[in-house]
Number of protein chains: 4
Amino acid sequence: MDATYHVLCEEGYAGLTMRAIAAEAGTSKSLIHYHFDTKEELLLTFLERFLDRLDEWLVEIESETDDPEARLLAFVDRFVVQPADADRQAFWRAVLELRLQAAHQEGFREQLKANNDAIRSALASIIADGIEDGTFREVDPETTADLVLDALEGARTRQATLGPEEAPLTAREAVREHVLDDLVREE
Amino acid sequence: MDATYHVLCEEGYAGLTMRAIAAEAGTSKSLIHYHFDTKEELLLTFLERFLDRLDEWLVEIESETDDPEARLLAFVDRFVVQPADADRQAFWRAVLELRLQAAHQEGFREQLKANNDAIRSALASIIADGIEDGTFREVDPETTADLVLDALEGARTRQATLGPEEAPLTAREAVREHVLDDLVREE
Amino acid sequence: MDATYHVLCEEGYAGLTMRAIAAEAGTSKSLIHYHFDTKEELLLTFLERFLDRLDEWLVEIESETDDPEARLLAFVDRFVVQPADADRQAFWRAVLELRLQAAHQEGFREQLKANNDAIRSALASIIADGIEDGTFREVDPETTADLVLDALEGARTRQATLGPEEAPLTAREAVREHVLDDLVREE
Amino acid sequence: MDATYHVLCEEGYAGLTMRAIAAEAGTSKSLIHYHFDTKEELLLTFLERFLDRLDEWLVEIESETDDPEARLLAFVDRFVVQPADADRQAFWRAVLELRLQAAHQEGFREQLKANNDAIRSALASIIADGIEDGTFREVDPETTADLVLDALEGARTRQATLGPEEAPLTAREAVREHVLDDLVREE
DNA sequence: CATGAATGAGGGTTCATTCAT
DNA sequence: AATGAATGAACCCTCATTCAT
C-alpha cells in the first residue's frame, strides 16, 4: 500500500504498473499477485484505505471547535494543498487520475460515492448547525456544501493541469469572501 | 479527428489507442501515422482544434446581450452539461482525462494555459464591466472568475467520477445564488 | 542516384530508406518507384554505376607512368582513404555495408564478382609486367594481388568498425615495406 | 544466446529480429525481453561472450609451442575459415555485419576496440619474441601485426561478399610467403 | 509466503510498396 | 512524369497475469 502511494505520487497514474509497485516495495510482482488477485483489486483496496483515512480526518474537525464559522474554515483547509507541498500536490493529482480512470468500474464508483456523500454531509451539517444557531443565514445546506466542495476540487484540478500552485489558496480566499461572508452577512 | 473524438467519448483516454482510432475511422494505423508523425502530435492537434472551438464559443456571448448579469449567466451555461446529454458528458470527462495525462508534456501545457487564460479573462471582463456600470458591487474580478470556473469544473468532475448527472445544474444554481445574487445585492 | 549516395554517406545503410532518398532528392517516394520498381533494383543500379566509376578510375593509372613500382604504389593509393576525408570514409563504410547486406542476392553477387575480378587482374597485370621487365622477383601475381587488396580492405574495415582513422595509411606503409620492398629486393 | 548465434548465421544481421530469435529458441519475445531489457543489451551480451571466447582461444596458442614461426602460423590459422565449414563462414560474415551496424553505438565500440587491441598485441608480442631471439629480422611488430590481421580480415570479407570459399586459404599462403618468409630471410 | 521464468495481447512506430489521380 | 493517400507486415517493447518451485 505504501509502495502504491509512493509510485502514484512519483510516477502518476500512467506509471502505476505492477512492476513499479513491486520495485518500490522491494518485492516481486508475483507476491503482489499472491495478495491481490488482480491489479483492480489492489487499487480498490488502496482507494478504500485512502478514503477511510479521509473520513477519520474529517471527524477530527468536530473536536476542534464549536464555532460554525471556524469549523467551516477548518473544513475547507483540509482540502487546500499548500503551494510548497509538492508531494501532496502530486498525490491529489494522482488520486484525481485514479478516480477518473476507475470511474467506469463498478466497485470503485460505490466507494467514491459513499466517501463523497460522507464528506458532503459532514460539511452540510456544519452549515446546518450554523443556520440553526443563527450564525448563518438560511440557505440550502447541501447546495452550499456542493458549491464549496466543487470549487475546491476545481481549484485542485486547475493546479494539477495548469500548474498555478497557488490555485487552492486563492480558491480558499474566494470561498471565504463569497460564501462565508455571504452566509454571515446578516449578522 | 472525428474518430479521435468518438473513441475518446466511448472508450476514455485509456482506450484511445492508435488501433482504436484507426478502426473507428475505418482506416489503418499507418495512415494515421502518415498524417501525424506521432500520437502526441495527433492529440496535440486534436486538443488545439477543440480549444479553438471553445474560444469561438465564448465570443458569441458578447453579441447576445449587453446586460452583465445576463452575460454572466450565459457564460456559465456554456460550461454546464445537461444531464440528458450523455455524449457531451462523456466528452468532458474524456477531455479532463486528456488534460490530466498530458499535463506534464510541454506542448500541451502551453495550449491548456493559453486557453484557460482566455476563458478566465473573458469572464473577468464581464464581471469588470458589471462593476463599472454599477450592476455589480466591487469585487476582484479575477478572483471571482476563478471561483465560478473552479466550481463548474469541480461539478463536471463530480459528474464524471460519481455520476450525479445533475451536478452541473445544481452548481449553476449555487453559483447563481451565492455569487451572482451576492454581486447584485447592493442594488 | 546522387541522393542515394548522400544518404548512404550521411545515414549509413541502416538509414538508407526510400523516404530518406526521396527527401534528399527533393521528390516523392512514388516517383522513385516509378523509375525503379523495387528498392533492390535501385540499389542494383546504384552499385552498377559506382563500380563502373571504379573501373574507369583504375584505367587512369596506366596512363600515368610506366614504372611498375610507381604503378603499384599509385594503385594502392586509390584504395587508401585519407584520415581527414570523413566523407569518403563514410562512403566506403556504407559500401561495405551494402556489399555485405546484398551479398546473398543473386544480381549483386555477379556484379561484385565482376568488379572484383577487374580490380584484381588490373593489379595482377601490373605485378606481372614488373616481373617480366625484371623489376620484381618471381612471384605469383594473383596471390600477391589478393594479399594487397585484402590488406587494404581489412584496413578499411578496421577503420570503419574501430575508428582508427590512420588505419589505411599504416596499411599502405606496411604493404610498401613487406610486399613492395620484398618484390624489388633482388635488385 | 545459442538462438542468437543460429539466427545470425542463417538469416544474417538483417534477419536478426527478436521474433526470429524467440522462434529459434522456442520461446516468446517477451521472455527474451525479460532477460535482456533491450535488443541492444542482448546483442551486447552476445558480442561480449563471443569476444571472450576469442580471447581464450588466443591464449591456447602460447601453450602449444615455443617456436615463434610456428606460433605465428598457428595464430594465423585461428582466423582462417576452412572452405568446407559453411557454418563458420556464415558466422564470420554475420559478425562482420554486426560489427559494422553496431559500430556507432557506444558500448559496442569499446568492446570491439578492447578485443581488437588484445588480438593485435598478442600477435605483436609473438613477433617481438621472434625478433628478440633472432628468429625474425628487425621490423616494427605492431605494423606487421596489423598487416597480417588486415589481410586476414580482408580475405574473410572477400569470402563473405563474393563467395570464393578458398579466399582465407590463399590469404594464409600469401601471408606465409610475403610476411613470414620475409621475416626469417636473414636466417 | 515468496520467487524467477514464462506468456499473449497489445502498445506506438516504420517500412517498402501500391493505387488513384 | 509525378504526386499524396493508403496499406499490411513487421519492428521493438511493455503490460498484467500465470506457473512451477
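Keep in mind it's a predicted model, so treat the numbers as computed, not measured.
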Report the base-pairing partner of dT14(F) (Watson-Crick or G-U wobble, both distances below 3.5 angstrom), or none. dA9(E)
For Thr17(A) and Ala20(A), indicate whether the former's side chain and the latter's backbone hold a donor-acceptor pair under 3.5 Å. yes
Is the backbone of Leu100(C) close enough, under 3.5 Å, to the side chain of Arg93(D) for a donor and an acceptor to pair up by distance? yes
In whole Å, I'd like the distance from the NZ atom of Lys39(B) to the C1' atom of dG11(E). 8 Å
When rounded to whole Å, the OH to P distance for the pair Tyr13(D) and dC11(F) reads 13 Å
Tell me whether the OP1 or OP2 atom of dC15(E) has a side-chain N or O from Arg19(C) closer than 4.0 Å. yes
In whole angstrom, give the distance that lies between atom CD1 of Ile32(C) and atom C1' of dT18(E). 15 Å
Distance test, side-chain N/O of Thr38(A) to OP1/OP2 of dA16(F), below 4.0 Å: no
Base paired to dA1(F) (Watson-Crick or G-U; both N/O distances under 3.5 angstrom): none
For Ala20(B) and for Met18(C), find the nucleotide of DNA chain E with the closest heavy atom, then tell me which residue's nucleotide is more 5'. Ala20(B)
Among the nucleotides dG12(E), dT3(F), dA5(F), which one has an atom lying closest to any side-chain atom of Leu31(B)? dA5(F)
Is there a donor on the side chain of Ser28(C) or the base of dG4(F) sitting less than 3.5 Å from an acceptor on the other? no
To the side chain of His35(C), which of dA16(F), dA6(E), dA1(F) is closest? dA1(F)
Take atom CD of Glu40(B) and atom C1' of dT13(E), then tell me their distance rounded to the nearest Å. 14 Å
Assuming nearest nucleotide by heavy-atom distance, tell me which of Ser30(D) and Thr17(D) is located more 5' along DNA chain F. Thr17(D)
Quick one: do Glu153(D) and Arg156(D) make a salt bridge, cutoff under 4.0 Å? yes
For dT14(E), what is the paired nucleotide under Watson-Crick or G-U wobble rules, both distances under 3.5 Å? dA9(F)
By nearest nucleotide on DNA chain E, pick out whichever of Lys29(B) and Asp37(C) is the more 5' one. Lys29(B)
4.5 Å side-chain heavy-atom contact, His6(B) and Ile21(B): no
Measuring to OP1 and OP2 of dA2(F), would you say a side-chain N or O of Tyr34(C) lies under 4.0 angstrom away? no
When rounded to whole Å, the NE2 to P distance for the pair His33(D) and dT7(E) reads 14 Å
Between CG of Leu16(A) and C1' of dA16(F) the distance, given in whole Å, is 12 Å
In terms of relative ring orientation, are Trp92(D) and Phe50(D) parallel, tilted or perpendicular, with 30° and 60° separating the classes? perpendicular
